[in-house]
Amino acid sequence: MLPLLLCFADDPSSAGELSTCLGLPSSRTKTLIYYARKAGYIKKKENTYELTEKGKELVESFEVVERKGKRLKVKGKDGCFLVFVRKRNVKVLRVPCS
């Protein structure tokens, strides 16, 4: 869910914009949106989605260190993570911060 939440700027985004940002099919993006809404990280407002306070707190706790295409290296309180966005899923690996 983290790559989905990192796609949000300060403004609300539509499902199509999020799908384009992630580079995932719309069906997979909608699945991620469903779970993010269920967890309380995003909310639907008319035809767009926006971060809730809980989602903003989560996004603020991570810093994007490096972004190369569909690969993100993020630094959080618990260490660093390498996030791969693939065609059908998202894979997260814990990596050293150095």
Side-chain angles (χ1 to χ4, degrees):
M1 257 187 285
L2 185 59
L4 174 73
L5 299 179
L6 291 174
C7 280
F8 282 94
D10 291 333
D11 57 336
S13 301
S14 68
E17 291 169 340
L18 294 171
S19 181
T20 302
C21 175
L22 290 170
L24 290 174
S26 60
S27 60
R28 182 64 185 145
T29 304
K30 287 179 183 178
T31 303
L32 288 173
I33 289 170
Y34 169 78
Y35 286 113
R37 285 181 70 193
K38 192 171 182 179
Y41 294 125
I42 61 175
K43 62 183 175 183
K44 189 170 185 173
K45 188 174 184 181
E46 296 177 13
N47 291 332
T48 59
Y49 298 94
E50 61 182 25
L51 291 172
T52 61
E53 288 301 318
K54 184 178 176 183
K56 288 178 185 176
E57 289 175 12
L58 181 66
V59 169
E60 289 171 359
S61 67
F62 287 95
E63 173 190 353
V64 177
V65 177
E66 182 181 350
R67 183 186 290 255
K68 287 186 179 177
K70 293 185 179 183
R71 187 176 73 189
L72 300 170
K73 185 174 182 182
V74 294
K75 184 176 182 180
K77 295 176 184 174
D78 301 333
C80 292
F81 302 92
L82 195 57
V83 181
F84 296 98
V85 179
R86 298 184 173 175
K87 282 188 176 182
R88 297 216 175 260
N89 61 7
V90 177
K91 186 172 186 175
V92 179
L93 301 171
R94 185 181 289 271
V95 295
C97 288
S98 59

Practice item. Could you point out which residue of L18, T29, T31 forms a side-chain contact (heavy atoms from CB on, under 4.5 Å) with L24? Key: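 Of all the options given, the one that passes is T29.
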
Exercise for review: Check step by step if side-chain contact (heavy atoms from CB on, under 4.5 Å) holds for Y35 and L4.
Suggested key: CA-CA 11 Å; Y35 286 113; L4 174 73; over 6 Å; no

Less than 3.5 Å apart, which donor and acceptor atoms pair up between the side chains of residues 41-50 and the rest of the protein, not counting sequence neighbours?
unit_1	atom_1	unit_2	atom_2	d
T48	OG1	K45	O	2.9

Under 3.5 Å: donor-acceptor pair, side chain of [X], backbone of [Y]:
| X | Y | value |
| --- | --- | --- |
| K91 | L82 | no |
| R94 | D78 | yes |
| T20 | G16 | yes |
| E17 | S14 | yes |

Which heavy-atom pair separates [X] from [Y] by the least distance, and what is that distance?
| X | Y | value |
| --- | --- | --- |
| K54 | G40 | CB-O, 3.7 Å |
| F62 | V74 | CD2-CG2, 4.1 Å |
| C97 | G79 | SG-C, 3.9 Å |

Check your understanding: Quick one: CD on E60 to CG on L51, what's the gap to the nearest 0.5 Å?
Key ->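 Rounded to the nearest 0.5 Å, the CD-CG separation comes out at 9.5 Å.
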
Point to revise | Gap separating the NZ atom of K56 from the OG atom of S61, nearest 0.5 angstrom | key: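 Spacing of NZ (K56) from OG (S61) equals 14.5 Å.
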
Check your understanding: Transitively linked via ILVMFWY side-chain contacts under 4.5 Å: L6 with V92?
Key ->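 Yes, same cluster.
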
Exercise for review: Return yes when atom NZ of K30 has more than 12 non-hydrogen atoms of other residues, nucleotides or ligands closer than 6.0 Å, and no otherwise.
Suggested key: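 Incorrect, the count does not exceed 12.
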
**Study point:** Stepwise side-chain contact (heavy atoms from CB on, under 4.5 Å) test for L22 and L32
**Key:** CA-CA 11 Å; L22 290 170; L32 288 173; 4.0 Å; yes

Check your understanding: Hey, does K73 have a side-chain heavy atom less than 4.5 Å from the side chain of V95?
Key ->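 Side chain of V95 against side chain of K73, heavy atoms only: contact under 4.5 Å found.
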
